[in-house]
Engineer: 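Following this message is one structure expressed as structure tokens.
No hydrogens, no waters, no symmetry mates; every other heavy atom, side chains included, goes into these values. Count residues from 1 along the sequence.
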Amino acid sequence: MIVREKNFDIRKIAESGQCFRLNEIYEGCWQVLAGEKMLFVTEIDDLQEGDQNDLNAERNVYDEYDTYTERKVGSDDERNMDAEKIAAFDKEAVIKDHTYEFSCSKDEYESFWKSYFDLDTDYTKFINSIDKEDEYLTKAAQYGYGMRILRQDPFETLISFIISQRKNIPAIKVSVEKLSRAFGHDIGGDYSFPSVKELSMADFEELSKCSLGYRASYIFKSVEMINSGKFDLCKLESDKLTSEELISKLMSLPGVGIKVANCTSLFGFHRLEAFPRDVWIKRIEDKYYNGHFDEDRYPGFAGVLQQYMFYYERTKTLKRIKD
């Protein structure tokens with residue numbers, strides 16, 4: 001099925017760090033695993049050979065860095081680009097809508113994937129709501145055009161972001177895949193992320209074989225609480241909780257601090273107002289917002305702006321390293 005939606009760029013979504021089972025398997029083709037479903041998305045835009053080479057080189061640099069980590073990227077001087085380089089980088093932010101081929105029927109697209117990619121939400125409205133005097137955020141949103149917040153499964157998101165603590169993206173993906181192959185089930189050539197019931201059958205030693213390190217105990221205890229009913233994750237979806245209440249409840253689980261709770265709220269419960277703060281966002285706040293970005297200025301969608309800011313700053317830094 002051919003899909004062309006405004007403000008939808010699967011490459012940017014895949015590189016945004018919000019999902020660990022959305023991977024480019026070869027040039028211009030991504031595999032998406034969500035629940036019981038598997039999808040292949042192929043970009044069918046016409047790319048110039050030079051553009052493809054630039055993309056390949058940039059992705060090689062991306063693999064070295066992490067979305068949710070405390071790893072420092074160079075010194076303060078190294079992180080600062082001169083005005084000329086920044087201006088050149090910003091000129092690359094071309095707003096473009098892409099055409100993709102989805103390996104699913106129209107019925108499956110309408111019933112599942114359209115919602116999963118949040119294609120009914122008007123992200124252009126969010127961009128147009130940005131304070132025009134905020135030059136940094138305006139540039140970040142332009143560069144991040146096409147980014148969307150996926151509607152992922154809350155349990156998978158929770159476990160994935162418990163794993164993410166002090167791990168880089170490739171390492172997170174390795175652990176997620178090991179969990180899926182060890183405790184999930186075959187969905188036609190690949191494996192689903194394990195359900196609560198499936199993961200509850202794992203003993204601690206089996207979990208430890210999935211490259212989880214100290215996080216294995218957090219996952220083991222959290223799964224035990226959810227499976228026993230002591231913590232009702234499903235009820236959190238149906239309860240009309242405020243974002244603060246949701247985050248507070250999530251933080252009662254072992255290994256879930258404020259950042260993991262915000263990530264789970266934004267990426268797992270689709271609370272677009274959630275605003276995770278990692279090392280990249282903290283640097284942005286220190287450099288451009290006197291130490292604090294006021295997310296209350298953008299009620300209901302500050303988390304979307306957080307993704308624009310993160311993607312823009314991280315890409316800008318990695319572009320400097322590549323050059």
Engineer: Using modelled atom types and a 3.5 Å cut-off, is there a donor and acceptor pairing between side-chain atoms of N23 and backbone atoms of I25?
Structural biologist: no
Engineer: Is E285 paired with R277 through a side-chain N to carboxylate O contact shorter than 4.0 Å?
Structural biologist: yes
Engineer: Test side chain to side chain donor-acceptor pair (under 3.5 Å) on N227 and K197; report intermediate values, then the result.
Structural biologist: CA-CA 7 Å; N227 187 57; K197 183 177 180 181; over 6 Å; no
Engineer: Does I226 share a hydrophobic cluster with F204, counting links as ILVMFWY side-chain heavy atoms below 4.5 Å and allowing steps through other members?
Structural biologist: yes
Engineer: Checking S252 side chain against K249 main chain: does a donor-acceptor pair fall under 3.5 Å?
Structural biologist: yes
Engineer: Any donor and acceptor pair, going by atom type alone, linking the side chain of R297 with main-chain N or O of D131 inside 3.5 Å?
Structural biologist: no
Engineer: Looking only at heavy atoms, what is the nearest atom pair of P154 and T264, with distance?
Structural biologist: O-CG2, 4.2 Å
Engineer: Grab the two heavy atoms, one from A261 and one from L250, that are nearest each other, plus how far apart they are.
Structural biologist: O-CD1, 3.7 Å
Engineer: Considering all heavy atoms of both residues, which atom of F310 and which atom of I284 are nearest to each other, and what is their separation?
Structural biologist: N-CD1, 4.3 Å
Engineer: With the threshold set at 4.0 Å, does a side-chain nitrogen-carboxylate oxygen contact exist between E24 and R11?
Structural biologist: yes
Engineer: Centre-to-centre under 6.0 Å for Y123 and Y145, is that the case here?
Structural biologist: no
Engineer: Linking I/L/V/M/F/W/Y whenever their side-chain heavy atoms sit closer than 4.5 Å, directly or via other members, would M147 and V41 fall into one cluster?
Structural biologist: no
Engineer: Determine, using ring centers only, whether F161 and F20 are less than 6.0 Å apart.
Structural biologist: yes
Engineer: Closer than 4.0 angstrom, basic N to acidic O: yes or no for K114 and D120?
Structural biologist: yes
Engineer: Carefully, step by step, assess F8 and F117 under the rule ring pair (Phe, Tyr, Trp, His ring centres under 6.0 Å).
Structural biologist: CA-CA 9 Å; F8 174 51; F117 286 110; 5.3 Å; yes
Engineer: Is the backbone N or O of E224 less than 3.5 Å from a side-chain atom of S200, with the two atoms forming a donor-acceptor pair by type?
Structural biologist: no
Engineer: Would you indicate whether Y191, at its atom OH, is surrounded by more than 12 heavy atoms from other residues, nucleotides or ligands within a distance under 6.0 Å?
Structural biologist: no
Engineer: Does this structure show an ion pair linking E177 with R21, if we count only N-O contacts that are shorter than 4.0 Å?
Structural biologist: yes
Engineer: Can we call the ring centroids of Y136 and Y312 under 6.0 Å apart?
Structural biologist: yes
Engineer: Would you indicate whether K132, at its atom NZ, is surrounded by more than 12 heavy atoms from other residues, nucleotides or ligands within a distance under 6.0 Å?
Structural biologist: yes
Engineer: How far apart are the closest heavy atoms of S160 and F193, and which atoms are they?
Structural biologist: OG-CE1, 4.3 Å
Engineer: Ion pair present between R151 and D118, side-chain N to carboxylate O less than 4.0 angstrom?
Structural biologist: yes
Engineer: Answer yes or no: is there a donor N or O on one side and an acceptor on the other, between the side chain of T138 and the main chain of D134, under 3.5 Å?
Structural biologist: yes
Engineer: Closest heavy-atom contact between R4 and T99?
Structural biologist: NH1-OG1, 2.6 Å
Engineer: Taking it one step at a time, do S192 and E36 satisfy side chain to side chain donor-acceptor pair (under 3.5 Å)?
Structural biologist: CA-CA 6 Å; S192 66; E36 300 287 316; 4.6 Å; no
Engineer: Can you name the nearest heavy-atom pair linking A202 to L207, along with the distance?
Structural biologist: CB-CG, 4.2 Å
Engineer: For the residue pair F293 and F275, does the interplanar ring angle fall in the parallel (under 30°), tilted (30 to 60°) or perpendicular (over 60°) class?
Structural biologist: parallel
